[in-house]
Amino acid sequence: MSSTTPSDQPDQPEVVSAAKAPFRYGAVLSKAIESRWQSWWSEQDVFRTPNPGDDDFDATKPRFFCMGMFPYPSGAGLHIGHLTNYIPNDIVARYYRMKGRNVLHPMGWDAFGLPAEQYAIETGVHPEETTRNAINTFRSQLKRFGLSCDWSREFATIDPDYYKWTQWIWLQAYRSWYDHHEDRARPVRELVELLERGDYSVTDDLEIIEAPAREGQRSWDDLDHVEQRTAIEHRRLAYLSEQTVNWCPKLGTVLANEEVIDGRSERGGHPVHRRPLRQWMYRITSFADRLLKDLGLLDWPESTKRQQTEWIGRSEGAEIHFRLEEPFEDSLVVYTTRPDTLFGATFMVVAPEHPLVDRLMKNPPEGVDIHAIEAYVSTSKDRSDLDRRSDSGVKTGVFSGIHALHPLNGEELQIWISDYVLMEYGHGAIMSVPGHDDRDHAFALEFGLPIIEVVRPSPETETECYHGEGINVNSSSDLLSLDGMHTAEAKAGVIAWLEEHGIGRGKVNFRLRDWLFSRQRYWGEPFPVVFDEQGHHHGIEDGSLPVELPPLADYEPVESSEPSPLLSKAVQWLETTAGEAGVPSDELDSAAPVRREVNTMPGWAGSCWYYIRYCDPHNTDRFVSSEAESYWLGPQEDGPGGVDLYIGGAEHAVLHLLYARFWHKLLFDLGLVSSSEPFSKLFHQGILTSFAYQRPDTTLVPVDEVEEVGEEQWIEKATGEAVQRVTAKMSKSLKNVVNPDDVVAEYGADTCRLYEMYLGPLEASKPWNPRDIVGVHRFLQRTWRLAVNEDTGELQLADEVDEAVEQALHRTILKVGEDIERLAFNTAIAALIEFTNTATGHGGVTKDQLDRLSRILSPFAPHVAEELWHKLGHETTIGHATWPTHDVELLREQMIEMPVQIKGRIRSKIMVAADADEDTLRTTALSDERIVDLLGDAEILKVIVVPGRIINIIPG
RNA sequence: GCGGGCGUGGCGGAACUGGUAGACGCGCUGGAUUUAGGAUCCAGUGGGGCAACCCGUAGAGGUUCGAAUCCUCUCGCCCGCACCA
């Protein structure tokens, strides 16, 4: 590394008021220091991280890969909340670098997606341009904070060099299937081999089964080309499917389940309607069990693991076949988690979308009131999810006119149609047990259906609608008796009986659904797939990637009830030939006309694997080299591998964080990455709030519409009414967003970094109070003054080591290191402040002490630390200095003060040798003057001695 | 409704596996210095009391020699899920 050091003196401050102390640490000086070192770091490429294979790579060092969730560059620019993500990362990165690790600390941009497109529509400027501008703004704002990122690894998800591989990964899924025997994803060609060999076979419905063909079943070779295609389609991990989807007319696109909250779009809060549509899906459900199980390997916040657990929603129960009455020959299949309550099933309910309902309407049996059914089905179709949810608990429904037979007692059970049963879960049909399920209970009461009690908490206790486990009653027939059994036993009993009679089986169910992956928007990755004239899809060969997003002048969505992908406007682009598009020649003749897929990928696509690309961002041959991948992401002794520390907002708990895990597992199965999980340790930073003003009716008033009229008193300008100051999440509409540039201008970046970390625990939501910033600024000022003469700018240091200062420094080195490792930056900074105060009171620090102090300060305030470091004569960056060591011996105090309690109340304090044994402590405490006085001649029953902690005397 | 988390000075927050509650910062009070300061330095700062001492970690109980920390109930706030059978 070059030793060129910029001039030792900062630019001469210009402000008159500073004339008295031109080298006092303040806005002017901090700015000079910060810009000097920022340019030096960047010119000298100080934080470039060598990769395995590079000349300057040191393979003996352990790695540390830490990153924040990359920002979505918006037109509004960086705000203070972004920094709660990137500053902690930078502190940790700088710390581990000093502790001798190879630190990978990159930055990039999440740049495709809806908000950028909407912003472009609002401003009339193309998203490519607005997004590039926003990236430039974000980059320079972030650099102003002195982040020690390796900027040479920067990329954006909209770079064709990047999304080429996003498309490539999608193709890996498209070309894979899930082997449930081996519990892993495998290439489709291996599935074809299994079918060709006859190990696997195909049913008449073209479903692949993992067993050889049975007598009379057609073999793979007997199927025609289209049939073979269809069979494979049923297995691809990226597949086209006609599904009921969440269509948001306002956003002009469909949305994934994860993006719909309470029937509204997660972004914008627009109503979402359910409608059938043919869309690209990801078979994430195949990974459900592993996504759930492997949470156990992760050092993640419990709340996030819980959210993913609930989202995946594993439940154990049974599938039960109820025979339909004559003339139907088949049965109605239901899923239940309480097979033990089978004797309590008094009717059945199917969802309005259930196939049985269709059959009834097409071919109504005698006596069925078809009009009522049609009316009900059509009403529920029009109702959104939001309307369907009956908060009041009132249930709607209609009798289908037909019955099913209870498998155990032969009773005829009415089959009802109601939208409280969801087609998407289980089989879209339930057995209703109104005695033990609230919803069934409400339905039974509404429509006067029978209720039977079959479980009691104890044999004597009758209850109204008991959901818990207990003892079975009223559960006997000629075929089976469960009476007197406990719930677990009864469940097992029913399942065993069902399996024995072939009318049901134990079954594990998941709430997780497959991931709807297409969007009808412009600003996203195009799918690397085309359709031939028969409508069959063909993946694009690797060599023809990326499929570049065509420039489109008119990307305004048409608000309509019919989804219409914007890319269908790019007529030139979408009509092409197989050869032009890159369809393998053994699939289609190169001259064959094809149409490109006009849907685009959702905003989540690019963020599903960007951490992998950071390891090797400029690779043109592979998405990542295996050397780089296994070094930076490979498994470690203490975890599954992946990013060592990932910091980001909790709002991504079941979106990005679940999707990325899914992609990673897919890549892992295909041997493309070496770890089974992407992020071994995850941390959520808390939200920053700031002052907002509230009317008496609790509505909030924008900050600039409020005037301060006295101490702690504010009025709304427009009305003159008093408003109350509260803290609220920063938002554009409340105009209470803090711009980091303003803080930097007033105090400098080091102060801003320090303040933001000093506010409180990283994970907590905390209020931003500008009044408090001055505290940490003063700390930097005092630390500076501790070592630098404010008139001359020269170092002024103590000659003699003061033992108290030396000991305090060792204690601080230890404390700061420990606190950084547990991400407790607020207490680390408090320790630094304490040290500076101690040193100030003891005549300052020596040169050697300043050397160590600047090193432990440097992760937090890198610029001022770098300045001090160079003043000490160092010529390379402090960022690569080693972390100072602490002497354990020195930390051990000779004499310590110990509290002495009588009956748990502190009555005195004694000075004792730190290593005094229990007897000595007891004797010293009992002979303490005050203790003797207070005890008088009372008998002493007991003395509790906790060495180093406390002595507690219990008199009689 | 279900699940989870959190309630500590005027404010932000400290307090390791139960062991001196209030570290550190803001604010406030007094003093020093300065032509002046929203600068700096020193001292003080949970409440009550002259004091010994008493009371204090949302509230009420409990366990313990000892509880902010563990247990039970109540209240308040925040987050997640929400007809998933």
Side-chain angles (χ1 to χ4, degrees), chain A residues 17-18 20-21 24 26 261-262 301-304 306-307 309-311 313 315 317 334-338 341 345 349 385 388-391 393 395 418-422 424-433 436-440 442-443 467 509-513 650-651 653-654 687 712 727 754-755 758-761 763-779 781-782 785 790 818 822 824 826-834 837 840-841 897-909 934 941-946 948-955:
Chain A
S17 66
K20 191 111 199 271
R24 169 162 293 176
I261 296 163
D262 289 347
E302 283 307 317
S303 61
T304 302
R306 199 178 307 118
Q307 274 184 62
T309 303
E310 282 170 12
W311 190 261
S315 70
V334 304
Y335 176 75
T336 175
T337 52
R338 292 296 298 272
T341 62
V349 186
D385 274 8
R388 283 193 182 195
R389 202 190 322 278
S390 61
D391 291 328
K395 298 276 183 277
S418 171
D419 60 13
Y420 86 90
V421 172
L422 309 175
E424 295 82 11
Y425 187 74
H427 296 274
I430 59 162
M431 64 176 206
S432 261
V433 184
H436 303 282
D437 180 285
D438 280 336
R439 297 151 301 180
D440 297 345
F443 194 86
H467 327 94
N509 236 358
F510 294 93
R511 286 181 56 190
L512 185 70
R513 323 271 163 79
E651 67 275 17
V654 290
I687 293 169
E712 304 284 305
T727 51
L754 228 30
Y755 174 62
Y758 187 62
L759 274 172
E763 67 276 18
S765 151
K766 301 165 293 272
W768 179 273
N769 187 351
R771 198 177 66 175
D772 294 343
I773 300 174
V774 69
V776 284
H777 186 65
R778 283 178 193 154
F779 154 65
Q781 213 168 49
R782 282 201 303 276
R785 191 183 308 117
E790 293 184 328
E818 283 175 348
R822 58 186 188 100
N826 55 333
T827 50
I829 294 167
L832 286 164
I833 295 174
E834 222 174 330
N837 293 346
T840 304
E897 188 189 63
M898 266 180 66
V900 182
Q901 299 182 328
I902 294 176
K903 277 191 177 153
R905 284 168 180 277
I906 291 162
R907 288 294 127 113
S908 184
K909 288 170 185 178
L934 287 165
L941 295 179
K942 198 173 173 186
V943 179
I944 290 134
V945 179
V946 185
R949 289 281 180 207
I950 210 153
I951 298 152
N952 192 4
I953 300 162
I954 317 299

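Because the structure is predicted, anything quoted here is derived from the model rather than measured.
On the C1' atoms, B/rC70 is 22 Å away from B/rG3, given to the nearest whole Å. The same atom, C1', is picked in B/rG46 and in B/rA14; the two are 15 Å apart, to the nearest Å. Remark: the separation of the P atoms in B/rC54 and B/rC78 is 39 Å, to the nearest Å. For the C1' atoms, the distance linking B/rA23 with B/rG12 amounts to 13 Å, nearest Å. Going from the C1' atom of B/rU74 to that of B/rG19 covers 29 Å, rounded to whole Å. To the nearest whole angstrom, the two P atoms, one in B/rC75 and one in B/rG59, are 15 Å apart. Rounded to the nearest Å, the gap between the P atom of B/rC53 and that of B/rU35 is 48 Å. Taking atom P in both B/rC11 and B/rU57, one finds a spacing of 15 Å when rounded to whole Å.
No option in A/Ile902, A/Val946, A/Val943, A/Ile944 other than A/Val943 meets the side-chain contact (heavy atoms from CB on, under 4.5 Å) test with A/Ile951.
What separates CD of A/Glu651 from C1' of B/rC79 is a distance of 13 Å, to the nearest Å. The separation between A/Arg785 atom CZ and B/rU40 atom P is 7 Å, rounded to whole Å. Note: CG (A/Asp437) to P (B/rC2) measures 15 Å, nearest angstrom. Going from atom CZ of A/Arg24 over to atom P of B/rA39 covers 10 Å, rounded to whole Å. One can place OH of A/Tyr335 at 6 Å from P of B/rA85, the figure rounded to the nearest angstrom. Look at CZ on A/Phe779: it is 20 Å from P on B/rG13, rounded to the nearest Å. Spacing between atom CZ of A/Phe510 and atom C1' of B/rA85 amounts to 17 Å, rounded to whole angstrom units. At whole-Å resolution of the value, NE2 in A/His467 and C1' in B/rA85 are 12 Å apart.
Under the 90° criterion around 0 for the glycosidic angle, B/rG12 counts as anti.
When all heavy atoms of A/Ser432 and A/Val349 are compared, the closest pair comes out as OG-CG2, 3.5 Å. The nearest pair of heavy atoms linking A/Gly760 to A/Asn826 is C-ND2, 3.5 Å. Pairing each heavy atom of A/Pro767 with each of A/Thr727, the nearest pair is CB-CG2, 3.8 Å. The two atoms that bring A/Ile950 and A/Met898 nearest to each other are N-CE, 3.7 Å, heavy atoms only. The shortest non-hydrogen separation linking A/Arg822 to A/Thr827 is NH2-OG1, 3.9 Å. The minimum heavy-atom distance linking A/Leu759 with A/Lys766 is given by the pair CB-CD, 3.7 Å.
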**Complete:** B/S/- along nucleotides 18-31 of chain B (protein heavy atoms under 4.0 Å) is -BBS-BBSSS----

**Under 4.0 Å protein heavy-atom contact, by nucleotide of nucleotides 4-9 of chain B - B base, S sugar-phosphate only** = S-----

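In terms of position on RNA chain B, the residue among A/Pro761 and A/Tyr420 whose nearest nucleotide sits closer to the 5' end is A/Pro761. Residue-to-nucleotide proximity on RNA chain B shows that, of A/Arg907 and A/Pro767, the 5′-proximal contact is made by A/Pro767.
Between A/Tyr425 and A/Tyr335, the ring planes lie perpendicular to each other; the angle is over 60°, past the 30° to 60° tilted range.
The closest donor-acceptor contact from the side chain of A/Asn509 to the backbone of A/Ser315 lies at 3.5 Å or more, if one exists at all. Panel note: side chain A/Arg338, backbone A/His467; a donor-acceptor pair is recorded below 3.5 Å.
Between A/Leu754 atom CG and A/Leu832 atom CG the span is 8.0 Å, to the nearest 0.5 Å. With rounding to the nearest 0.5 angstrom, the CZ atom of A/Arg905 is 15.0 Å from the CD1 atom of A/Ile953.
The side chain of A/Arg905 places an N or O atom within less than 4.0 Å of a non-bridging phosphate oxygen (OP1 or OP2) of B/rC55.
Consecutive pairing runs in RNA chain B reach the stem threshold at B:1-7 with B:75-81, B:10-12 with B:24-26, B:27-32 with B:40-45, B:46-48 with B:53-55, B:58-62 with B:70-74, where a stem means at least three Watson-Crick or G-U wobble pairs with distances under 3.5 Å.
Among the atoms of the strands shown, none is found under 4.0 Å from any heavy atom of A/Thr840.
The shortest distance between side-chain heavy atoms of A/Lys942 and A/Asn952 does not fall below 4.5 Å.
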